[in-house]
Amino acid sequence: MFTFVGKLPIPLLWLMPIQNRSLSCFRSVCVSAMDSTPEAERPSFNFEVYMREKMNSVNQALERAVPLREQPVGIHKAMRYSLLNGGNRIRPVLCIAACELVGGQESTVMPVACAVEMIQTVYLMQDDLPCMDNSLLRRGKPSSHVVFGENVTALAGGALWALAFEHIAKKTVGVPPSTVVGVIAELARAFGSQGLTSGRFLEATSMGSSDSDEVRYLKKYAPMIEASVVMGSMIGGGSSEQTGILRKFARCVGLVIDDDLLDVTKSSQQIGKTAGNGKVTFPKLMGIEKSWEFAKKLNKEAQDMLSGFDKEKAAPLIAMVSYVTYREN
């Protein structure tokens, strides 16, 4: 029923940003996830407050990172439109949380967290193009190519991609140069021909093949989640052992949730993007109920991987896993 790559099962469920998710959703999801946890074991951690604070910090940093320059105005407008057009900021928050878990500071890792969101935004801009998914909605608003045209969207995506690496190189301070180079390499790998681009290629050229669809799932979303957590640990000064554990944790997180599951159970208005695009997906092939059971199993595995870390510092990552597992939009 499941295909394995090494020790990792090919996923049923994946994570992509969804717009119009209110902070009350964080509260309700966490309450649901904690219902089965004994009260004495529940950490005194307010995930809603944490997410509000981190999202605000990330949004402010992104606003500063991409100012509306005089020339060429059109490119910068398109870059800002997609980058600042909402989003749950899960990937940069994961990056920050991993950094703080191993003893790092938010201010130190923020340039990397911003770069993660820039790269993820480029991915979404490309994914929405008529030659790919031809999606008219993204994060509850018209997609970039609908507003600016395909040509400007392609150019703005290229500029945003380059800015992500420039931002890490220029704005990361107090970190050994070798670590910065390693972080840049990790991010490039996540987006490259063995990462997100590989998943997109398989999706574009192998529609309807269950074997290629399994590999596509492994490549399409998880690499950026893995890179976000790993880069956070690297910037925070995590040991090789800590970073290795967090890499495995991030792979579980990447398997936990699925935009494709939402695609077959929710409307475009509910998920903030065009639903029902006709792709062959695991929920369609294997059923929703089995998808949810697998997600719950991965939820537990991911949380167990953090058992060796300080409980208070690990609380944000533990809560994040529960959130992405039980979310409803």
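FYI, side chains are in, hydrogens and waters are out, and symmetry mates aren't considered; it's all heavy atoms of this structure.
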Quiz item: So do the side chains of Met125 and Arg138 get within less than 4.5 Å of each other, counting heavy atoms only?
Solution: no
Quiz prompt | Non-hydrogen atoms of Val102 and Ser233 that approach each other most closely | solution = CG2-O, 3.8 Å
Quiz item: With side chains defined as the heavy atoms from C-beta onward, is the minimum distance between Tyr123 and Thr197 less than 4.5 Å?
Solution: no
Quiz prompt | Side-chain ion pair, Glu186 and Arg247, N-O less than 4.0 Å | solution = yes
Quiz item: When rounded to the nearest 0.5 angstrom, what distance separates CD in Gln120 from CE in Met224?
Solution: 6.0 Å
Quiz item: Can you tell me how far CG of Asp128 sits from CZ of Arg139, rounded to the nearest 0.5 angstrom?
Solution: 9.5 Å
Quiz prompt | Shared hydrophobic cluster, Trp161 / Leu129 (ILVMFWY, side-chain heavy atoms < 4.5 Å) | solution = no
Quiz item: Mind checking what makes side-chain hydrogen bond (donor to acceptor under 3.5 Å, both in side chains) contact with Ser82, not counting sequence neighbours?
Solution: none
Exercise. Verify salt bridge (Lys or Arg N to Asp or Glu O under 4.0 Å) between Glu166 and Lys171, making sure each step is shown before the conclusion.
Key: CA-CA 8 Å; Glu166 178 185 353; Lys171 300 297 182 180; over 6 Å; no
Practice problem: Could you please spell out the steps behind the side chain to side chain contact (heavy atoms under 4.5 Å, CB included) verdict for Val229 and Val253? | Solution: CA-CA 10 Å; Val229 174; Val253 176; over 6 Å; no
Quiz item: Looking only at heavy atoms, what is the nearest atom pair of Val73 and Leu68, with distance?
Solution: O-CD1, 4.3 Å
Quiz item: Is there a path of hydrophobic side-chain contacts, each under 4.5 Å between heavy atoms of I, L, V, M, F, W or Y residues, that connects Leu84 with Leu124?
Solution: yes
Quiz item: Is there a side-chain contact between Phe309 and Ile245 (heavy atoms, below 4.5 Å)?
Solution: yes
Quiz item: Rounded to the nearest 0.5 Å, how far does CD1 of Ile225 lie from SG of Cys95?
Solution: 13.0 Å
Quiz item: Rounded to the nearest 0.5 Å, what separation is found between the CE atom of Met110 and the NE2 atom of His167?
Solution: 9.0 Å
Exercise. Kindly give the heavy-atom pair with the smallest separation between Ala61 and Cys114, and that separation in Å.
Key: CB-SG, 3.4 Å
Quiz prompt | Gln126 side chain to Thr153 side chain, donor-acceptor N/O pair below 3.5 angstrom | solution = no
Quiz item: Residues in side-chain hydrogen bond (donor to acceptor under 3.5 Å, both in side chains) with Thr108, at least two apart?
Solution: none
Quiz prompt | same_hphob_cluster(Val49, Leu94) at 4.5 Å side-chain heavy-atom cutoff | solution = no
Exercise. Please determine, by modelled atom types, if Asn59 and Arg89 share a side-chain donor-acceptor pair under 3.5 angstrom.
Key: yes
Self-check item: Which residues share a side-chain hydrogen bond (donor to acceptor under 3.5 Å, both in side chains) with Glu150, sequence neighbours left out
Solution: none
Practice problem: Check for a donor-acceptor pair, side chain of Ser135 on one end and backbone N or O of Leu137 on the other, with a separation under 3.5 Å. | Solution: yes
Quiz item: Once you round to the nearest 0.5 Å, how far does CD of Glu117 lie from CG of Leu83?
Solution: 6.5 Å
Exercise. May I ask you to decide if Ala97's main-chain N or O and Glu100's side chain share a donor-acceptor pair within less than 3.5 Å?
Key: no
Quiz item: Of all heavy-atom pairs between Asp127 and Met132, which one has the smallest distance, and what is that distance?
Solution: O-CB, 3.5 Å
Quiz prompt | Residue pairs fulfilling ring pair (Phe, Tyr, Trp, His ring centres under 6.0 Å) with at least one residue in residues 52-103, sequence neighbours excluded | solution = Tyr81-Phe148
Self-check item: Nearest heavy atoms of Gly182 and Met234, plus distance in Å
Solution: C-CE, 3.6 Å
Exercise. With side chain to side chain contact (heavy atoms under 4.5 Å, CB included) as the test, would you mind laying out the steps for Glu226 and Arg189 before giving the verdict?
Key: CA-CA 11 Å; Glu226 179 181 334; Arg189 179 201 60 79; 4.0 Å; yes
Quiz item: Where is the tightest heavy-atom contact between Leu163 and Ala65, given as atom of each residue plus distance?
Solution: CD2-O, 3.9 Å
Quiz prompt | Test side-chain hydrogen bond (donor to acceptor under 3.5 Å, both in side chains) applied to Glu63 - qualifying residues, sequence neighbours left out | solution = Arg80
Practice problem: Report yes if some heavy atom in the side chain of Ile75 is under 4.5 Å from a heavy atom in the side chain of Leu155; otherwise report no. | Solution: yes
Quiz item: Does a side-chain heavy-atom distance below 4.5 Å link Leu317 with Leu246?
Solution: yes
Quiz item: CD/Gln303 to CE/Met320 distance, rounded to the nearest 0.5 angstrom?
Solution: 12.5 Å
Practice problem: Output all residues satisfying side chain to side chain contact (heavy atoms under 4.5 Å, CB included) with Cys99, sequence neighbours left out; order by chain, then residue number. | Solution: Val109, Ile235
Quiz item: Taking the side chain as C-beta and beyond, is there a heavy-atom pair between Phe45 and Pro316 under 4.5 Å?
Solution: yes
Quiz item: Is any side-chain heavy atom of Asp304 closer than 4.5 Å to a side-chain heavy atom of Ser307?
Solution: no
Quiz prompt | Main-chain N/O of Arg52 paired with Asn56 side-chain donor or acceptor, under 3.5 Å | solution = yes
Quiz item: So, Ser239 side chain and Gln242 main chain: donor-acceptor pair closer than 3.5 Å or not?
Solution: yes
Quiz item: Checking Thr172 side chain against Ala169 main chain: does a donor-acceptor pair fall under 3.5 Å?
Solution: no
Self-check item: Stepwise side chain to side chain contact (heavy atoms under 4.5 Å, CB included) test for Val152 and His145
Solution: CA-CA 8 Å; Val152 174; His145 69 88; over 6 Å; no
